[in-house]
Amino acid sequence: MQVPAPFTYERATSVEHAIALLGRLGPEARVVAGGHSLIPMMKLRLARPDALVDINDLGAELAQIRVEGDELVVGALARHADLLASAVAGEHFPIFHDAERVIADPVVRNFGTVGGSLCQADPAEDLAAVFAALDAVAVLRGPAGSRQVRVRELHVGPYETVLAPDELMLELRVAIRPGGGSAYEKVERRVGDYPVAAAGAAVWLDGDTVREVGIGLTAVGAEHFAAPEAEAALRGQPATDESFQAAGRLAAEHCNPSADQRGPVDYKRHLAAELTTRALRRAAARARGLEQTDAWTSGRHGEPKPFGAEEA
């Protein structure tokens with residue numbers, strides 16, 4: 001029977017209360033929201049926090065998904081199902097819907113949170129690659145006030161972030177720019193599993209030229225979940241399959257996958273190249289308006305697409 005080590009439990013009533021609790025309880029306290037990553041680790045005694053600060057009552061402050069000026073704002077307490085169902089998120093960045101459809105299962109998507117996924121810093125986490133591709137900014141708050149950190153600078157290692165022990169992630173901000181498209185591609189052993197490898201891409205075109213690009217990778221040892229060398233090589237190049245394949249090869253060369261039960265190094269590196277190419281291809285097609293995207297507005301959280309509706 002898996003039982004966590006003893007811990008203290010506190011329930012926050014506001015953002016400031018949560019920050020105060022984290023400061024009082026010390027560096028071994030942890031925030032819990034959905035709990036689908038932290039609680040299993042606690043049961044296995046891989047994580048042994050002295051205290052948990054429950055922030056589930058802060059939904060009114062931290063769970064909104066909205067457009068503010070020229071940015072999409074995703075609250076850290078938004079559930080995966082909320083992001084999957086968000087018409088405004090899908091309208092501006094269909095990569096979110098691509099990724100959320102293949103994250104875990106309906107139970108996890110209905111309770112797991114966007115901020116919790118990023119703060120867990122799992123090396124095979126899907127949304128880290130998505131937000132890295134979009135070059136999103138995380139807004140953090142602690143006793144000294146708020147600060148902004150690029151998602152590409154948020155993770156410093158497996159299960160490690162730059163958040164101080166008494167800081168809380170409030171939201172993620174993504175700049176909205178015209179002429180763009182985005183997509184996410186994933187290979188998994190079975191539906192809902194962590195990826196063997198996955199790639200996200202965001203492309204902004206100027207005619208048939210790649211004006212700007214972001215590439216995110218997960219489960220293949222890419223530093224900060226990004227592929228900056230591939231991005232640099234693709235900027236200013238024609239938006240052709242040859243250019244996308246070259247970027248995929250560069251992305252694969254600069255990642256550092258590890259052999260495990262999901263596959264050997266060469267297989268994962270091959271997947272990094274192929275999935276990067278596919279994601280770039282679909283993102284460019286969406287930027288050109290050649291691939292229709294849905295806004296996933298049915299409201300049936302976690303419901304999979306009908307059989308045959310996904311791209312082969």
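What you are looking at is a predicted structure, and each value in this text was computed from that prediction instead of being measured.
- By the side chain to side chain donor-acceptor pair (under 3.5 Å) test, Arg262 is found to be paired with Asp193, residues two or more places apart in sequence or in another chain being considered.
- Considering only residues two or more places apart in sequence or on other chains, Ala227 meets the side-chain contact (heavy atoms from CB on, under 4.5 Å) condition with Ile215, Leu217, Ala230, Ala251.
- Taking Glu253 as the reference, nothing meets the salt bridge (charged side-chain N to carboxylate O under 4.0 Å, His left out) condition, with sequence neighbours excluded.
- Partner of Leu77 under the side chain to side chain contact (heavy atoms under 4.5 Å, CB included) criterion, out of Val114, Thr113, Leu170: Thr113 alone.
- Although no hydrogens or angles enter the test, the distance criterion places a donor-acceptor pair under 3.5 Å between the side chain of Arg152 and the main chain of Ala132.
- A salt bridge does not link Glu167 with Arg141: every distance from a Lys NZ or Arg NE/NH1/NH2 to an Asp or Glu carboxylate oxygen is 4.0 Å or more.
- A chain of hydrophobic side-chain contacts below 4.5 Å, direct or via other Ile, Leu, Val, Met, Phe, Trp or Tyr residues, connects Leu172 to Ile103.
- Under a 3.5 Å cut-off, the side chain of Arg45 and the backbone N or O of Val3 do form a donor-acceptor pair.
- Taking the side chain as every heavy atom from C-beta outward, Ile176 and Glu71 never approach each other to under 4.5 Å.
- Partners of Phe93 under the ring pair (Phe, Tyr, Trp, His ring centres under 6.0 Å) rule, at least two apart in sequence or in another chain, do not exist in this structure.
- Thr218 places a side-chain N or O within 3.5 Å of a backbone atom of Glu125 that can act as its donor or acceptor partner.
- When all heavy atoms of Phe244 and Ala284 are compared, the closest pair comes out as CZ-CB, 3.6 Å.
- Taking 4.5 Å as the limit, some side-chain heavy atom of Asp54 sits within range of a side-chain heavy atom of Tyr9.
- Under a hydrophobic-cluster definition in which Ile, Leu, Val, Met, Phe, Trp and Tyr are linked whenever side-chain heavy atoms come within less than 4.5 Å, directly or via other members, Val107 and Leu38 are assigned to different clusters.
- For the pair Glu10/Leu52, no side-chain contact is recorded, criterion being any heavy-atom separation below 4.5 Å from C-beta on.
- Salt bridge absent: Arg177 and Asp70 never bring a charged side-chain N and a carboxylate O closer than 4.0 Å.
- Legend: residues meeting side chain to side chain donor-acceptor pair (under 3.5 Å) with Ser243, ordered by chain and number and at least two apart, are Thr240.
- A donor-acceptor pair under 3.5 Å is formed between the side chain of His97 and the backbone N or O of Ser86.
- Between Ala283 and Ser182, the shortest heavy-atom contact is CB-CA, 3.7 Å.
- Every residue meeting the salt bridge (charged side-chain N to carboxylate O under 4.0 Å, His left out) condition with Glu212, not counting sequence neighbours, appears here in chain and number order: Arg235.
- Taking both residues in full, the closest heavy atoms of Tyr184 and Ala198 are given as OH-CB, 3.1 Å, listed atom of the first, atom of the second, then distance.
- Rounded to the nearest 0.5 angstrom, Arg173 CZ and Leu134 CG are separated by 15.0 Å.
- For the pairing with Val210, the side chain to side chain contact (heavy atoms under 4.5 Å, CB included) check across Asp206, Asp208, Val213 returns one residue only, Val213.
- In this structure, the side chains of Leu118 and Leu154 come closer than 4.5 Å at one or more pairs of heavy atoms.
- Linking Ile, Leu, Val, Met, Phe, Trp and Tyr residues whenever their side-chain heavy atoms come within less than 4.5 Å places Ile19 and Leu21 in a single cluster.
- Proximity of a side-chain donor or acceptor of Asp166 to a complementary backbone N or O of Gly23 within less than 3.5 Å is not detected.
- Judged as a ring-ring contact (aromatic ring centres under 6.0 Å, His included), the pairs with a partner in residues 193-235 (not counting sequence neighbours) are, in order, His155-Phe225.
- Listed by chain and residue number, Arg66 satisfy the side-chain contact (heavy atoms from CB on, under 4.5 Å) test with Gln64 (two or more places apart in sequence, or in another chain).
- One finds the CZ atom of Arg278 at 8.5 Å from the CG atom of Leu271 (value rounded to the nearest 0.5 Å).
- For Phe131, the ring pair (Phe, Tyr, Trp, His ring centres under 6.0 Å) partners at least two apart in sequence or on another chain are Phe96.
- Not a single donor-acceptor pair under 3.5 Å links the side chain of His270 to the backbone N or O of Asp266.
- Qualifying salt bridge (charged side-chain N to carboxylate O under 4.0 Å, His left out) partners for Arg48, counting only residues two or more places apart in sequence or in other chains: none.
- Taking the side chain as every heavy atom from C-beta outward, Leu234 and Leu280 approach each other to under 4.5 Å.
- Remark: Val265 pairs with Pro257, Ala259, Arg269 by the side-chain contact (heavy atoms from CB on, under 4.5 Å) rule, at least two apart or across chains.
- Partners of Lys186 by salt bridge (charged side-chain N to carboxylate O under 4.0 Å, His left out), not counting sequence neighbours, listed by chain and number: Asp126, Glu188.
- Residues Val187 and Pro195 are not in side-chain contact: their nearest non-hydrogen atoms beyond the backbone lie 4.5 Å or more apart.
- Put simply, the side chain of Leu140 reaches to within 4.5 Å of the side chain of Leu163, judged on heavy atoms.
- Counting only heavy atoms from C-beta outward, the side chains of Asn110 and His80 never approach each other to under 4.5 Å.
- Salt-bridge formation is not detected for the pair Glu153/Arg147: no Lys NZ or Arg NE/NH1/NH2 atom is positioned less than 4.0 Å from an Asp or Glu carboxylate oxygen.
- One hydrophobic cluster holds both Val67 and Ile95 under the rule that ILVMFWY side chains link at heavy-atom gaps under 4.5 Å.
- Between the Arg79 side chain and the Phe111 main chain, a donor and an acceptor come within less than 3.5 Å of each other.
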